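Have a look at the structure below, then the notes.
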Amino acid sequence: MDDRIIILIFDGIGDRPVKELDGKTPLEAANTPNLDKYSEEGINGIMDTIAPGVVPGSDTGHLALLGYDPYKVYTGRGPFEASGIGMKLKSGEVAFRCNFGTIEDKIVVDRRAGRIKKGTDSLAEAINEMDFDIDFVFQESVEHRAVLLFKDPSLGPFVSDVDPHEEGLPLKKSKANREETSSQLTAEHLNRFTEKSIEILSEHPINIERKERGLPPANVILSRGAGAVPEMGKLEEMKGLKSAAIAGIPLVKGVCELAGMDIVQVEGATGGLDTDIEAIMNGIVDNINNYDLMIVNIKGPDLPGHDGDHMGKIEFIERIDSSLPILENIENTYFAFTGDHSTPVTVKNHSGDPLPLIIKGEEVRVDAVDSYGERSCATGGLGRIRGSDLLNVLMDLAKRAEKFGA
Ligand code: ZN
Ligand code: ZN
């Protein structure tokens, strides 16, 4: 039997030297005996997820790691969010990420409608009954979040947001970012949809009740992140790998789902700092026998990165490390341990700094690296690769690569 492949993606794990850590990165400062052991037993390197200096999103980063060219398939985040919450999509449809927000005298006063928790299903139902001149589907997600899908095939994805992204400002008018009729049409439809959402939601009993209780009404749909559903091709057809993903956040689930992967649901995997890492590891153990490839995203390290919290990042990395032994009985498998992008605590956002990478498995050319860190891995035998190379390298090791040429 050919060997299997497991890629663990520690979201946002890469970092920069931190003054308070005597110039170490959070990963270098963290106590990670298991990852250090894997470095010692494996081959190490660093990886530019998309290209050197290009700052990946979690969506474009995962696309690259799966071997897709994000510059070809990515026009915006909307379709991946839509897919991640289970919407059925056809290529060419245009999807938006949305929030339920609160608007008062034409000013957006709360972009999350008080982080509304209940009743968005009824509000979405009312929106879907809207008399509108193109086919659309609107679906609520967690709390104030939702997705809007314009199903008309004549529409283009290159339009600006109606969401002002800041409270105390009026709604923006969506405009086409390119001179093409298809995107101009989308902008017009979106502006009309937004006006109509205000009319419908303002009179909805749930909002009348919210006002009576002193809560901000969810009386506008704020849309952003327009993107066209891409024609991606399935991973299984392209690489011949039966594959599955475990991911806490809809965005990453959506990328994997559009790649045709199975999504393994793990109870307790939240995508937050409260996520149950052991349950995720057990999810791998329970499912790996059914697949050639599993991709597992652990969102945690990205969050303290955005918050500039180096201690929080260290703690979460140590929690990951201590649950890794759960995987140790998995045989005939090549493991990769890496990230989708750096989220340095000094930047409080993603950066283009390359990621540390270990590949561990039976026949790797073990190198001299003996600890898992941004700088130690840079001296390893894999050198510096790109995200789109990773799956090829792993498939080659697992004797699953096809010869190019005779
Ligand atoms: Zn990410
Ligand atoms: Zn992030």
Side-chain angles (χ1 to χ4, degrees), residues 7-16 18 25-27 46-68 70-71 73-74 76-81 83-85 97 99 112 141-142 145 165 224-225 227 245-259 261 263 266 269-275 277 280 294-310 312-317 319-320 336-357 374 386-388 390-391:
I7 303 177
L8 278 103
I9 298 167
F10 309 134
D11 204 302
I13 191 157
D15 215 296
R16 295 181 178 179
V18 177
T25 69
L27 175 60
I46 51 173
M47 183 183 72
D48 297 291
T49 317
I50 297 175
V54 173
V55 182
S58 285
D59 39 20
T60 51
H62 280 78
L63 283 168
L65 289 171
L66 294 175
Y68 295 95
Y71 292 104
V73 297
Y74 189 84
R77 182 169 176 166
F80 302 99
E81 288 287 343
S83 173
I85 64 168
R97 304 171 71 196
N99 279 5
R112 298 178 185 87
S141 168
V142 182
R145 301 179 188 89
H165 292 268
R224 65 190 192 280
I246 297 178
I249 55 165
L251 180 64
V252 173
K253 275 186 203 168
V255 170
C256 296
E257 178 117 24
L258 280 173
M261 304 176 76
I263 306 296
V266 171
T270 62
L273 291 175
D274 60 346
T275 195
I277 305 174
I280 294 173
M294 283 188 81
I295 301 244
V296 181
N297 173 279
I298 300 179
K299 179 72 181 165
D302 183 55
L303 305 169
H306 282 282
D307 290 342
D309 173 9
H310 59 271
K313 195 163 176 182
I314 291 174
E315 260 166 54
F316 196 90
I317 291 169
R319 277 180 55 207
I320 294 177
F337 303 91
T338 189
D340 55 343
H341 50 77
S342 294
T343 312
V345 293
T346 51
V347 179
K348 296 188 180 182
N349 209 331
H350 303 182
S351 78
D353 297 285
L355 282 313
L357 165 66
E374 292 86 343
R386 294 199 186 194
S388 55
L390 180 63
L391 203 47

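A quick note: this is a predicted structure, and the numbers were derived from the prediction, not measured. Counting starts at 1 for both ligands and their atoms, following the listed order.
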Legend entry - N/O/S from His341 sitting under 2.8 Å away from the Zn ion (ligand 2): no

Inset, instruction - For the pair Asp340 (side chain) and Gly12 (backbone), establish whether a donor and an acceptor sit closer than 3.5 Å, ignoring hydrogens and angles. - result: yes

Legend entry - Separation of Asn99 CG from Arg112 CZ (nearest 0.5 Å): 6.5 Å

Legend entry - the Zn ion (ligand 2) reached by Asp11 (N, O or S, under 2.8 Å): no

Legend entry - Within the 6.0 Å centroid threshold, strictly below: Tyr74 and Tyr68: no

Legend entry - Which atom of His350 approaches the Zn ion (ligand 2) most closely (N/O/S): NE2

Inset, instruction - Check the side chains of His341 and Asp353 for a donor-acceptor pair under 3.5 angstrom, ignoring hydrogens and angles. - result: no

Legend entry - Atom name of the N, O or S atom in Asp340 that lies nearest to the Zn ion (ligand 1): OD2

Legend entry - Salt-bridge criterion met for Glu257 and Lys253 (N-O under 4.0 Å): no

Legend entry - For the Zn ion (ligand 2), the closest N/O/S atom belonging to Asp302: OD2

Inset, instruction - Could you tell me whether the Zn ion (ligand 1) has an N, O or S atom of Thr343 under 2.8 Å away? - result: no

